[in-house]
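Please find one structure pasted underneath; my questions will follow.
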Amino acid sequence: MASAILQSIPSESRPGRFGIYGGRYVPETLVAALDELEREYAVAKADPAFQAELADLLHNYAGRPTPLYFAKRLTESLGGAKIYLKREDLLHTGAHKINNALGQGLLARRMGKRRVIAETGAGQHGVATATVCALLGMECVIYMGEVDMARQELNVLRMRLLGAEVRGVSAGSKTLKDAISEAMCDWVTTVRTTHYLLGSALGAHPYPTMVRDFHRCISIEMKQQIVEREGRLPAAVIACVGGGSNAIGAFYEFLADRHVRLIGVEAGGRGTVLGEHAVRFAGGLPGVLQGTYSYVLQDENGQIAQTHSVSAGLDYASIGPEHAALHDTGRAEYVSQDDAAALDAVARLARTEGILPALESAHAVAEAIRIAPNMPAHDILVVNLSGRGDKDMGILARELRLQGV
Ligand SMILES: Cc1ncc(COP(=O)(O)O)c(C=O)c1O
């Protein structure tokens, strides 16, 4: 392992640090690959040809800019703040994940890597990665926990149809954490030919920064669109937080606008007991997981805790390190919504607006439903609708029937 003592010295000046969080805690075999990735990304970022190709694909292939939609009937049904939805669910493949997959896919090709591996929880990042590999003619292997494969079966079929190999992971809780571990094991032995296309603002430096940059387009567009529509900034931006990629993308351009509240919504699952939720900030402590230092749900011996959420994409024991810093400084607020509230939010948005959100995104909608009625009517809430709910139809059919909806 790389020197944990050296790397754990808290310092904001070290690259890849967000306050005391972030860094790079990986086996020695990956250090050179991460150095290469950091170098190549810096060059690509400054290269107008790379940026032009990415912008072209984001526009003509993925469907950016996504609309900012005023949810009039939802707003009227709640009373209070005006609710806008940033429609990342309308992107090609059905979620924000394609922004980052396109960026890293182009980078992998530029680095001469012909093979791409990725982990996936809800399957949306796996689908986005398989899509980009088909587009760029690359070999693709996706690691996915067996529990997630069962609950997001449609996305497993989509990945296979797109030509990816989906490798089920039977270790641990058989969810996202275990899929990331397997992908990292693969990468240790294949690093010369393979790019690890990590799907959230997580992991060792430079991933949290790079993934955030590829999702920054969300808040760049959001800010411009809301000013065009309303002539002012929102009172709050709300996004669900799994690893944290859609949330950091939605927050980033507003960080300097101190009067705009930034609200991240974690998965409250089915209770407050450790193992029943994925609320890292309420139940977790700082620690190292999968390459980075951030808040981690763990037991008293430092063993990583089990997590639960009805949404596979929020069911993870840690959170991106930039969110950890935003939490500690108080610039962003982190709350939770439980499974039941998320399911209610799906039904409510479907019936008031004709929009079926992903279960992950429904956690953010649930928070808007909670706070909007207590806000003045001239306030604006923007909810980042990170994905669409088609992938969740099996779960929704089962859960909503149980509740008699
Ligand atoms: C639609 C959707 N939203 C949100 C997430 C959570 O990921 P992140 O926190 O990186 O945005 C996922 C993860 O799979 C997802 O599929």
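Indexing begins at 1, ligand by ligand and atom by atom, following the structure's order. This chain uses plain numbering: 1 for the first residue, then up along the sequence.
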- request: State whether the shortest distance between N or O atoms of Gln124 and N or O atoms of ligand 1 falls below 3.5 angstrom.
  value: no
task: Could you say whether the N/O atoms of Ser361 and ligand 1 ever approach to under 3.5 Å?
output: no
- request: In plain terms, say whether Asp213 and Lys45 are close enough for a salt bridge, that is, a side-chain N and a carboxylate O under 4.0 Å apart.
  value: yes
- prompt: Can you list the ligand 1 atoms lying under 4.0 Å from a non-hydrogen atom of Ser200?
  reply: 8 (P), 10 (O)
- line: In ligand 1, the atoms that come under 4.0 Å of a heavy atom of Lys97 are 7 (O), 8 (P), 10 (O), 12 (C), 13 (C), 14 (O)
query: What heavy-atom pair brings Pro321 and Leu202 nearest, and what distance separates the two atoms?
result: CD-CA, 4.5 Å
message: Could you identify the single nearest non-hydrogen protein atom to atom 3 (N) of ligand 1 and state the distance to 0.1 Å?
response: Ser386 OG, 2.7 Å
- request: Using a strict 4.0 Å cut-off to heavy atoms of Gly387, name the atoms of ligand 1 that fall inside it.
  value: 1 (C)
message: Please report whether ligand 1 has a polar contact with Ala201, defined as an N or O pair separated by less than 3.5 Å (distance criterion only).
response: no
message: Quick test of your reading of the model: are Lys82 and Glu230 salt-bridged, counting only N-O distances below 4.0 Å?
response: yes
field: Donor on one side chain, acceptor on other, Glu353 and Tyr69, under 3.5 Å
entry: yes
message: Taking distance alone, with N or O pairs closer than 3.5 Å, would you say Lys391 contacts ligand 1?
response: no
message: Suppose I only count heavy atoms of Ala122 and a 4.0 Å limit; which atoms of ligand 1 are within that range?
response: 14 (O), 16 (O)
field: Within the 6.0 Å centroid threshold, strictly below: His277 and His308
entry: no
statement: Closest non-hydrogen atoms of Gly313 and Ala122, given as atom of the first, atom of the second and distance, are N-CB, 3.8 Å
- prompt: Any non-hydrogen atom of His96 lying under 4.0 Å from ligand 1?
  reply: yes
query: Would you say Gly243 contacts ligand 1, with heavy atoms under 4.0 Å as the rule?
result: yes
field: Among Leu68, Ile226, Leu385, Val383, the one residue meeting side chain to side chain contact (heavy atoms under 4.5 Å, CB included) with Lys86
entry: Leu68
- request: Could you tell me the residue and atom name of the protein heavy atom closest to atom 6 (C) of ligand 1, and the distance to it rounded to 0.1 Å?
  value: Gly313 O, 3.4 Å
statement: Interatomic distance, OH@Tyr196 vs OH@Tyr207, rounded to 0.5 Å, equals 7.5 Å
message: Suppose I only count heavy atoms of Cys240 and a 4.0 Å limit; which atoms of ligand 1 are within that range?
response: 4 (C)
task: Please confirm whether Tyr41 and Phe214 have ring centers closer than 6.0 angstrom.
output: yes
field: Ala358, any N or O under 3.5 Å of ligand 1 N or O
entry: no
field: ligand 1 N/O within reach of Val241 N/O, cut-off under 3.5 Å
entry: no
- prompt: Between Thr352 and Ser77, does any side-chain donor sit less than 3.5 Å from a side-chain acceptor?
  reply: no
Proximity flag Ala247 to ligand 1, non-hydrogen atoms under 4.0 Å: no
